[in-house]
Student: 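Supplied in structure tokens, the structure appears directly below.
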Amino acid sequence: MNEYKPSEIEPKWQQYWLENKTFRTDDTDLSQPKFYVLDMFPYPSSSGLHVGHPEGYTATDILARYKRMNGFNVLHPIGWDAFGLPAEQYAIKTGTHPRVTTNENIDGFRRQLQALGFSYDWDREVDTTDPAYFRWTQWIFLKLYEQGLAYEASVPVNWCPELGTVLANEEVIDGKSEVGGFPVERRPMRQWMLKITAYAERLLQDLEELDWPESIKEMQRNWIGKSEGANVVFPMKTADGDVQESIEVFTTRPDTLFGATYMVLAPEHPLVDRVTTDAQKEAVSAYRQTAANKTDLDRTDLNKDKTGVFIGAFAVNPVNNEEIPVWIADYVMMSYGTGAIMAVPGHDERDWEFARKYDLPIVEVVKGGDVTKEAYVDSQDGICVNSANDEVSINDLPVPEAKKKITKWLEEKGLGKYAVTYKLRDWLFSRQRYWGEPFPVIHVDGQPKPLPEDHLPITLPDMDDFQPTKTGEPPLAKAKDWLETTDPETGKPAIRETNTMPQWAGSCWYYLRYISPDYEKGPVDPEKEKYWMPVDLYVGGAEHAVLHLLYARFWHKVLFDIGVVSTKEPFQRLVNQGMILGELEFTAYKDAAGSYVPADSMNGTGDELERVKLEEKDVEKRGDRFVLKGTDTVVDARSFKMSKSRGNVINPDDVVEQYGADALRLYEMFMGPLEQVKPWSMQGVEGVYRFLKRVWRVFIDEEAGGLNPAVRRSVNSGGTPAVAPDRAQLKMLHETIKKVTEDIEGHRFNTAISALMIFTNEAMKWDVRPVEVLKPFLLILSPFAPHLAEELWEQLGEIEGGKGGAKKTLAYEPWPEYQEELLQADTKVYAVQVNGKVRGQVEVPSDRATDKEFVLDAARNETAVSKHLEKGQVVKEIFVPNRVINFVLK
RNA sequence: GCGAGAGUGGUGAAAUUGGUAGACACGCUAGAUUUAGGAUCUAGUGCCGCAAGGCGUGGGGGUUCGAGUCCCCCCUCUCGUACCA
């Protein structure tokens, strides 16, 4: 007996690859073509890998193995994004140092990844929590500081009392923390900021050259949020005379200036204190109080009804000298533009709503809609009206021209100027946590001061208490010995920075460290950097579409500006793998009385109903829905995101144990296109597992053990007669080579696997299986199922035992090339249509396949066709060489 | 609301430039083998129909000898985003 046992052959080859450093990248010869294929490195959590990790990792591994066999120097590294909140929270709960938890988790992840047979160069592993790594993270921070791109500011931040930390906007979801779901409130705090806004335009422009999914580029564009318009200054007047103040607003619609009938300041706007009239003071301060207690989110989502208060002051519209009232309202955000707007209710939905509510005048200045019914917001086809003063008129102009003309006039009069505004804001770069990179900064006489480079790395002090202080001071404030230091330059007493960097910091540049992980003179060896960069392919989840990828691009551009890297952009090509959902679930709903409720007639969440999980055999398809078998009760048929609470999580370890790593890899690739969202199916895993067993049986005689007697060499050996491959076998092989090669190049791994299956199904039927055909097949199988391929390669006797047990791997065998002439068939089959309907087929010899008259004649004589031709007169004959014939009848 | 993407058998999915829709796989049906199998092999399997044939790629129109593929309108779903002036 000699069955396919992945549990035996897989560990054997994993050990072989590790011991022989089979996949160590040798980049001493920089004249070779290179391929840098990168995975988004994981956060090593305590729960281990989920099935989403091996999806992208298998895809990149296939490409890495394929490129190696094509003679490329391949850089295919992995590492750990190991700073972060979970380890710290675990430390708070149990007192275990995050270092300890982190190391355990890394060991677990490394073991899991190695058990999947990924061909990483384990000598280049990086760990963001390793001082030898974050020394350079800190170094980059110093460079940012030198460039004036890092500064301290007191900003209202998202303070989460439960987590005892500040969260970035993107870590707050629906007013709650992304991690844990705890309430979040606004509170001003001293923070480090990075001036990413200085790079907004370049981050936007350089997207054009990137080979990324359009959706991701679009998300980044939206996030950067560039708007063109004008800044306009409105002088102010109060009821009791003149106040030397003015309001500057940003507008994208300077063409509607004549329609501005009031102004709105953000409640926090500093001008409010100075210009509010006494009569309005009370109402204004009450409103500001309410607004201050709302988060940004409360002010938007939950509060569609607009509110505001008149502050008693008036501004003068510079285009027509009309006095218009000034209000405060929380639909205007202090953080965007100038924190103040000119309100044009005729042509802005928000202003229209507000004007209606508070009975403010609505003036039409762009023709095309009915401003008494709704705001007319079209900015392309509208024509300006009611927009002229003694000096300038934009009447009868279309909006785009009107914008230009009025902006020019404003500039000439010194009333305003062309302006560009971005939604992108500076990056809040500090966290009140322990488990992060310390800032290389001290405070001397209350002023921040960077530490010299030769003091790096600044390491974390050892502590047992990781709890933040009640006031929100970071845990590091408790490490007195570490905290109090002296300024190395002046010897003055100094206090260390107690904030730490956010998790994004380490992941902003890790792709550079892989290039020269032991380099001592900088973050990356310049010579190697020039060779390897940019990353040729970066694969990861779409959840990093904006933040990680934008932050990393920002740092990269700074490093480019100071000459550390040679490319403008880090990741030339990006692919997002689609999420893997849980198995398809059928759910019916029962009400309190126990009767079924149709899933399509439920209103609300259905929380009050009992959920009944159904088996596939309990349901049937009815129209485009599923119903309970034998009834009309519509049931839900859906796949859900894997989650512990739903209990539909698939653990890769279990799959490997039952079916092996090759089956897991193959299944994840066979499910469908890489980028697509796909539901898991355990039966699908069984399917590819059966395929692997068939491959095994093509080579191995399971009953007798050893090679299957059908496997033959072309040279006589050991008594079995030599056999050369026949024409059909070669055609099959070369078709498969062509298909698999092209599909790997196009990242169509699912159809590549299907081609390998077709070959195997054919090969099973062969009584004689020549080695010349089997060997190339193993080579093209090997990127997908490397363990099985290596094992069979060895069994074929191509791997010499040699002295000292030294083995040879197929990992660097040349990739087979297909030969065009072997793909040709003896005959060609035409589909024959009559009036566009397929009525039959005709087979003709290949050498006459493009002979139109010959083929048409053969087609006409086909009985299945001829009986249809009798029904009418042929008025037209369509002949598409090698494909189709169509007779058009009248 | 806005932006992006997607709708093909019972299921996951295939299908160069418009050229035999459903490859491959799961599931299912029947049979073989086996003490047994969630093993293996053979045959079948889009839908309706005994058949001839008809109908089929979310729905409706159009272009074409010919449309899953191109054009117009509509519907549904997924993801992202949210008063950005």
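This is a predicted model, so every value here is computed, not measured. In what follows, chains carry the letters A, B, and so on, assigned in the order in which the sequence lines appear, proteins first and then strands, with residues in each chain numbered from 1.
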Student: What does the 5'-to-3' dot-bracket notation of RNA chain B look like when only Watson-Crick and G-U wobble pairs under 3.5 Å count, and pairs to other strands show as |?
Tutor: (((((((..(((......[....)))((((((.......))))))(((....)))..(((((..]....))))))))))))....
Student: Give A:Pro673 one of three labels, base, sugar-phosphate or nothing, depending on what nucleic acid heavy atoms sit under 4.0 Å from its own.
Tutor: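 Sugar-phosphate contact only - A:Pro673 comes under 4.0 Å of backbone atoms but never of a base.
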Student: Could you tell me the separation between the CD atom of A:Gln676 and the P atom of B:rU78, rounded to a whole number of Å?
Tutor: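 Distance check: A:Gln676 CD to B:rU78 P gives 15 Å.
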Student: Is it the case that atom CD in A:Gln676 sees more than 12 heavy atoms from other parts of the structure closer than 6.0 Å?
Tutor: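 Check passes, neighbour count above 12.
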Student: Can a salt bridge be assigned to the pair A:Glu214 and A:Arg221 using a cut-off of 4.0 Å between side-chain N and carboxylate O?
Tutor: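 Yes, this pair counts.
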Student: Tell me: NZ of A:Lys217 to P of B:rC79, nearest whole Å?
Tutor: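 These atoms are roughly 24 Å apart.
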Student: Take atom P in B:rC26 and the same atom in B:rA13, then report the distance between them in whole Å.
Tutor: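 So the two P atoms sit 16 Å from each other.
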Student: For B:rU69 versus B:rU17, give the span between their P atoms, rounded off to a whole number of Å.
Tutor: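 Their P atoms lie roughly 14 Å apart.
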Student: Can you tell me how far P of B:rA13 sits from CE of A:Met669, to the nearest Å?
Tutor: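 Interatomic distance, CE of A:Met669 to P of B:rA13: 14 Å.
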Student: Can you tell me if A:Tyr287 and A:Thr307 form a side-chain donor-acceptor pair at under 3.5 Å?
Tutor: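 The answer is yes; a qualifying pair exists.
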Student: With rounding to the nearest 0.5 angstrom, report the NZ to OG1 distance, A:Lys403 to A:Thr256.
Tutor: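 Result: 9.0 Å between the selected atoms.
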Student: Taking only the C1' atom of each, what is the distance from B:rC83 to B:rG18 in whole angstrom?
Tutor: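 Pairwise C1' distance, B:rC83 against B:rG18, rounds to 46 Å.
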Student: Between A:Lys226 and A:Glu201, does any side-chain N to carboxylate O distance fall below 4.0 Å?
Tutor: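 Salt bridge present between A:Lys226 and A:Glu201.
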Student: When the C1' atoms of B:rU78 and B:rU29 are compared, how many Å lie between them, rounded to an integer?
Tutor: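 Nearest-Å result for B:rU29 against B:rU78 at atom C1': 35 Å.
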Student: Any salt bridge linking A:Lys731 with A:Glu735? Criterion: basic side-chain nitrogen under 4.0 Å from a carboxylate oxygen.
Tutor: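 Answer for the salt bridge query: yes.
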Student: Under 4.0 Å between a side-chain N/O of A:Arg839 and OP1 or OP2 of B:rG54, yes or no?
Tutor: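 Looking at the OP1 and OP2 atoms of B:rG54, one of them is under 4.0 Å from a side-chain N or O of A:Arg839.
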Student: When the P atoms of B:rA4 and B:rG66 are compared, how many Å lie between them, rounded to an integer?
Tutor: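 That atom pair is separated by 34 Å.
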Student: Taking the same atom, P, in B:rG10 and in B:rG59, what whole-Å distance lies between them?
Tutor: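 Straight-line distance between the two P atoms is 13 Å.
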Student: I want to confirm an ordering. Mapping A:Val884 and A:Leu584 to their closest nucleotides on RNA chain B, which one lands closer to the 5' end?
Tutor: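 The residue whose closest nucleotide sits nearer the 5' end is A:Leu584.
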Student: In residues 247-258 of chain A, which residues come under 4.0 Å of RNA chain B by heavy atom?
Tutor: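 Output list: A:Phe250, A:Thr251, A:Thr252.
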Student: Within this structure, what is the CD-to-P distance between A:Glu218 and B:rC79, rounded to whole angstrom?
Tutor: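 A:Glu218 atom CD is separated from B:rC79 atom P by 19 Å.
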Student: For B:rG62, does the O4'-C1'-N9-C4 or O4'-C1'-N1-C2 angle fall within 90° of 0, making it syn, or is it anti?
Tutor: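 Because its glycosidic torsion lies more than 90° from 0, B:rG62 adopts the anti conformation.
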Student: At under 4.0 Å between heavy atoms, what does A:Val888 touch on the DNA or RNA strands: base, sugar-phosphate, or nothing?
Tutor: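 Contact class for A:Val888: sugar-phosphate only.
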Student: With the side chain of A:Ser215 defined as its heavy atoms from C-beta on, choose the nearest nucleotide among B:rG19, B:rA85, B:rA4.
Tutor: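 The listed nucleotide nearest to A:Ser215's side chain is B:rA4.
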Student: Taking NZ from A:Lys403 and P from B:rA85, how many angstroms apart are they, rounded to a whole number?
Tutor: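 Between P of B:rA85 and NZ of A:Lys403: 10 Å.
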Student: Expressed in whole Å, how much space separates the P atoms belonging to B:rC72 and B:rU63?
Tutor: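 Straight-line distance between the two P atoms is 15 Å.
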Student: Figure out the OH/P separation between A:Tyr336 and B:rU81, and round it to whole Å.
Tutor: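 Result: 18 Å.
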Student: Should A:Arg697 be listed as having a side-chain N or O under 4.0 Å from OP1 or OP2 of B:rC41?
Tutor: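 Result: yes.
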Student: What one-letter contact string describes nucleotides 21-28 of chain B from 5' to 3', where B marks a base within less than 4.0 Å of any protein heavy atom, S marks contact via sugar-phosphate atoms alone, and - marks no contact?
Tutor: --BBSSS-
Student: Applying ring pair (Phe, Tyr, Trp, His ring centres under 6.0 Å), can you list everything that pairs with A:Trp212, at least two apart in sequence or on another chain?
Tutor: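 Ring pair (Phe, Tyr, Trp, His ring centres under 6.0 Å) list for A:Trp212, sorted by chain: empty.
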Student: Who passes ring pair (Phe, Tyr, Trp, His ring centres under 6.0 Å) against A:Phe250, sequence neighbours left out?
Tutor: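 In terms of ring pair (Phe, Tyr, Trp, His ring centres under 6.0 Å), with neighbours along the sequence ignored, A:Phe250 is linked to no residue.
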Student: Of all the nucleotides listed (B:rG38, B:rA85, B:rU20), which has the minimum atom distance to the side chain of A:Gln658?
Tutor: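 Side chain of A:Gln658 sits closest to B:rG38.
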Student: How many Å lie between CD on A:Gln220 and P on B:rG80, as a whole number?
Tutor: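 Result: 16 Å.
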Student: Please report the shortest heavy-atom distance between A:Ala858 and A:Val844, naming the atom on each side.
Tutor: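 Taking every non-hydrogen atom into account, CB-CG1, 4.2 Å.
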Student: Decide if the gap between the ring center of A:Tyr358 and the ring center of A:Tyr262 is smaller than 6.0 angstrom.
Tutor: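 For A:Tyr358 and A:Tyr262, the ring centres are not under 6.0 Å apart.
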Student: B:rC65 phosphate, OP1 or OP2: any side-chain N/O from A:Lys876 under 4.0 angstrom?
Tutor: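 Yes, A:Lys876 has a side-chain N/O under 4.0 Å of OP1/OP2 on B:rC65.
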Student: Of A:Asp351 and A:Asn835, whose nearest nucleotide on RNA chain B comes first from the 5' end?
Tutor: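 Per heavy-atom nearest nucleotide, the more 5' residue is A:Asn835.
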Student: Determine the Euclidean distance between corresponding P atoms of B:rU8 and B:rG58; express it in Å to zero decimal places.
Tutor: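 Per the computed distance, 6 Å lies between those P atoms.
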Student: Once you round it to whole Å, what is the distance between P of B:rG10 and CZ of A:Phe626?
Tutor: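 Nearest whole value for this atom pair: 8 Å.
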Student: I want to check one thing: is the phosphate of B:rU40, taken as OP1 and OP2, less than 4.0 Å away from some side-chain N or O of A:Lys693?
Tutor: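 For B:rU40, OP1 or OP2 has a side-chain N or O of A:Lys693 closer than 4.0 Å.
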Student: Given ring pair (Phe, Tyr, Trp, His ring centres under 6.0 Å), test A:Phe759 with A:Trp766 step by step and report yes or no.
Tutor: CA-CA 11 Å; A:Phe759 176 91; A:Trp766 298 339; 5.7 Å; yes
Student: Apply ring pair (Phe, Tyr, Trp, His ring centres under 6.0 Å) to A:Phe691 and list each qualifying residue two or more places apart in sequence or on a separate chain.
Tutor: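 So A:Phe691 forms no ring pair (Phe, Tyr, Trp, His ring centres under 6.0 Å) with any residue.
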Student: Considering every strand and a 4.0 Å limit on heavy-atom distances, what is the contact class for A:Val829: base, sugar-phosphate, or nothing?
Tutor: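 Answer is base: heavy atoms of A:Val829 come under 4.0 Å of a base.
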Student: For A:Glu55, is there an ion pair with A:Lys678 - N to carboxylate O distance below 4.0 angstrom?
Tutor: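 Salt bridge present between A:Lys678 and A:Glu55.
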Student: Relative to each other, are the rings of A:Tyr376 and A:His347 parallel, tilted or perpendicular (30° and 60° limits)?
Tutor: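 Rings of A:Tyr376 and A:His347: perpendicular, as their planes differ by over 60°.
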